[in-house]
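Reviewing the structure listed below.
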Number of protein chains: 2
Amino acid sequence: MRHKEGNKEKAIIEAAIETFAEDGFYKSKIVDIAKKANVAIGSIYVYYKNKDDILLKIFDQIWEPIYNDMKRIASEKSYTPTQKFEYMLDSVFDAFEKYPEKAVVFVNEQNRLMKERPKSFTNYYELFIKEGEKIIKSGIKSSEFKNLNVRIFRRFVLGGLRELLREWTKNPTKRSLNQIRDSVKYFCKTGILDK
Amino acid sequence: MRHKEGNKEKAIIEAAIETFAEDGFYKSKIVDIAKKANVAIGSIYVYYKNKDDILLKIFDQIWEPIYNDMKRIASEKSYTPTQKFEYMLDSVFDAFEKYPEKAVVFVNEQNRLMKERPKSFTNYYELFIKEGEKIIKSGIKSSEFKNLNVRIFRRFVLGGLRELLREWTKNPTKRSLNQIRDSVKYFCKTGILDK
DNA sequence: ATTATTTTTGAATATCAATTCACAAAAAAA
DNA sequence: TTTTTTTGTGAATTGATATTCAAAAATAAT
């Protein structure tokens, strides 16, 4: 039996992340991914069903670790809802700080993919959202948070986060992301009015 | 000289808005736009240079009226910065409330188009942003607003707005949009903490 | 060394859809 | 009525690229 030459599956998905980040999903060519991964075109179809399948697996890779982090945070009894909320934001920022190309793919491709392939899109994202909403609800219950519409609030915050990540990816330094972290936390907690 | 049969230019752009909203830009076919507009394929290329050109003109149509509204609001001396900020949000909500398909095109296509065709993208958007930032700065100067990073704040708010519009387009009623309006204004002003 | 199994390959295929352009139709001008 | 100008048409062209698959290469088993 023949051995696999290194890890082609991993090389392909990493090349795809770079390519999708650079050119966008639709303008990315399989042949370019193959070149970047140093494999033949045919090898891509050995490890992945098609171009869509690669993107779907990238999103698995993005959301599984963030969700696992969330679970840990949510179950930590000693944290207040405010702390949990801040750590939740941090787990998203941390994940993308390590791998800015994934942030680019997230900000550019997730919404379209979720719309087009709702059944196939990673389940970890939905689980992440659920945990996040639970944290907000617990804060409302303990009167630490205002009683605002949880669904609207979490969409607003995630949308804002995505937009800031989009900007950050143009200059993905630790320092610029820290400024974003602090601003978002501060604003989410107390709003814009100075009183 | 022959007269134009009705207004093909308008019929085409309206059919394109519907088609892009339904199928997304890349999956939209020129032949479908032609059918929906009741014109021949060739006629589309009489009035528009290509598929991209139609999308660029749609964004002109979206942002010109919003920017004009903004100018009016910004120059109204009797408004406080907080009022101006709220009316600014309203002018965005109002524009999309009238034409939900435009909201779909905005939430799904603007970022990619701005990245790919920065020189050709409507200038009205940039002007709108500038006016918005001026309002925030005036609020900071008058100590009505906290001294937070204007750039980060406006991106966060616009990103949140976009995400809520995305959700709203799935059920684009006046009532559901009003709930979003109120929630956004309330949250932006005072944040989540209940103190 | 020979055979069997698994992995890799990339030229060829198949499909798809944007754009063109030669011609037709309609209205105005002569 | 005939000619000129403008507007409209859609079959044919063009170009692109995702995917397939028959063959080759590499290793393991006998």
Side-chain angles (χ1 to χ4, degrees), chain A residues 1-59 105 108-109 112-113 115-117 119-121, chain B residues 1-59 105 108-109 112-113 115-117 119-121:
Chain A
M1 180 163 70
R2 185 181 178 182
H3 271 160
K4 289 189 182 178
E5 302 172 4
N7 194 336
K8 286 194 164 35
E9 190 171 355
K10 189 157 171 265
I12 291 164
I13 204 167
E14 283 170 358
I17 290 168
E18 276 186 55
T19 309
F20 293 162
E22 179 89 5
D23 302 334
F25 180 76
Y26 279 110
K27 298 212 165 168
S28 291
K29 297 176 210 160
I30 292 290
V31 61
D32 288 341
I33 296 172
K35 270 183 204 150
K36 195 163 273 177
N38 277 310
V39 302
I41 292 170
S43 296
I44 290 183
Y45 291 89
V46 171
Y47 293 98
Y48 299 93
K49 214 160 71 236
N50 50 38
K51 205 178 153 187
D52 262 33
D53 186 41
I54 307 176
L55 189 59
L56 288 165
K57 294 225 164 78
I58 291 171
F59 277 103
V105 175
N108 289 326
E109 314 297 344
R112 187 189 42 76
L113 189 64
K115 193 177 175 187
E116 276 175 22
R117 308 288 308 276
K119 304 287 178 198
S120 314
F121 191 81
Chain B
M1 180 164 65
R2 186 183 176 183
H3 270 162
K4 288 189 184 179
E5 303 171 4
N7 194 336
K8 287 198 165 29
E9 189 170 357
K10 188 156 172 265
I12 291 164
I13 204 166
E14 282 171 359
I17 290 168
E18 276 187 55
T19 308
F20 294 162
E22 180 90 5
D23 301 333
F25 181 76
Y26 278 112
K27 298 211 166 170
S28 291
K29 298 176 209 161
I30 292 291
V31 60
D32 288 341
I33 296 172
K35 269 181 205 153
K36 195 163 273 176
N38 278 311
V39 302
I41 292 170
S43 296
I44 290 184
Y45 291 90
V46 171
Y47 292 98
Y48 300 91
K49 211 160 72 231
N50 51 36
K51 206 177 152 189
D52 261 33
D53 186 39
I54 306 176
L55 189 59
L56 288 165
K57 293 226 164 78
I58 291 172
F59 277 102
V105 175
N108 290 325
E109 314 298 343
R112 186 189 43 75
L113 189 65
K115 193 178 175 186
E116 276 176 23
R117 308 288 308 275
K119 304 285 177 200
S120 314
F121 191 80

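Proteins come first, then strands; the chains are lettered A, B, ... in the order of their sequence lines, and each starts at number 1. Just so it is clear, the structure is predicted and the values come from calculations on it, not from any experiment.
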**Study point:** B/Phe25 six-ring centre to B/Lys51 NZ/CZ under 6.0 Å and within 45° of normal
**Key:** yes
Review point. Could B/Glu14 and B/Lys36 be called an ion pair, given the rule that one side-chain N must be under 4.0 Å from one carboxylate O?
Key: no
Review point. If only side-chain N and O atoms of A/Ser43 are considered, is one of them under 4.0 Å from the OP1 or OP2 phosphate oxygen of C/dT9?
Key: yes
Study note, to complete from the structure: When rounded to whole Å, the OH to C1' distance for the pair A/Tyr47 and C/dT8 reads 8 Å
Exercise for review: May I have the distance from A/Tyr48 (atom OH) to D/dT19 (atom C1'), rounded to whole angstrom?
Suggested key: 17 Å
Practice item. Return no unless some side-chain N or O of A/Lys8 is found under 4.0 Å from OP1 or OP2 of C/dT8. Key: yes
Practice item. Go through D/dG8, D/dT17, C/dG10 for me and flag the one nearest to the A/Ala40 side chain. Key: C/dG10
Revision key, fill the gap. Ranking C/dT8, D/dA18, D/dT9 by distance to the side chain of A/Lys51, first place goes to D/dA18
**Study point:** Atom-pair distance (CG on A/Asp23; C1' on D/dA16), nearest Å
**Key:** 15 Å
Exercise for review: Would you kindly check if the NZ (Lys) or CZ (Arg) of A/Lys57 is within the cone defined by 45 degrees around the ring axis of A/Tyr48 and under 6.0 Å from the six-membered ring centre?
Suggested key: no
Exercise for review: To the nearest Å, give me how far apart NZ (B/Lys35) and C1' (C/dA17) are.
Suggested key: 12 Å
Review point. For the pair made of CD in B/Glu9 and C1' in D/dG8, what is the distance, rounded to whole Å?
Key: 15 Å
Review point. What is the distance from OH of B/Tyr26 to C1' of D/dA18, rounded to the nearest Å?
Key: 16 Å
Study note, to complete from the structure: Taking C/dT9, C/dT19, D/dT9 as options, the one with an atom nearest any side-chain atom of B/Val39 is D/dT9
Exercise for review: Compare the minimum distances between each of D/dG10, C/dT9, C/dT19 and the side chain of B/Asn50, then state the nucleotide with the smallest one.
Suggested key: C/dT19
**Study point:** Donor-acceptor contact below 3.5 Å, side chain B/Thr19 vs main chain B/Ala15
**Key:** yes
Point to revise | Atom pair distance, as rounded to whole Å: CD1 in A/Ile44 and P in D/dT17 | key: 14 Å
Exercise for review: Would you indicate, yes or no, if D/dT19 has its OP1 or OP2 atom less than 4.0 angstrom from a side-chain nitrogen or oxygen of A/Tyr45?
Suggested key: yes
Check your understanding: C/dC16 C1' sits how many Å from B/Asp32 CG, rounded?
Key -> 13 Å
Study note, to complete from the structure: Assert: residue with more 5' nearest nucleotide on DNA chain D, out of A/Gly42 and A/Ile30, is A/Ile30
Check your understanding: With distance as the sole test, does B/Ser28 use its side chain to make a donor-acceptor pair with the main-chain N or O of B/Gly24 at under 3.5 Å?
Key -> yes
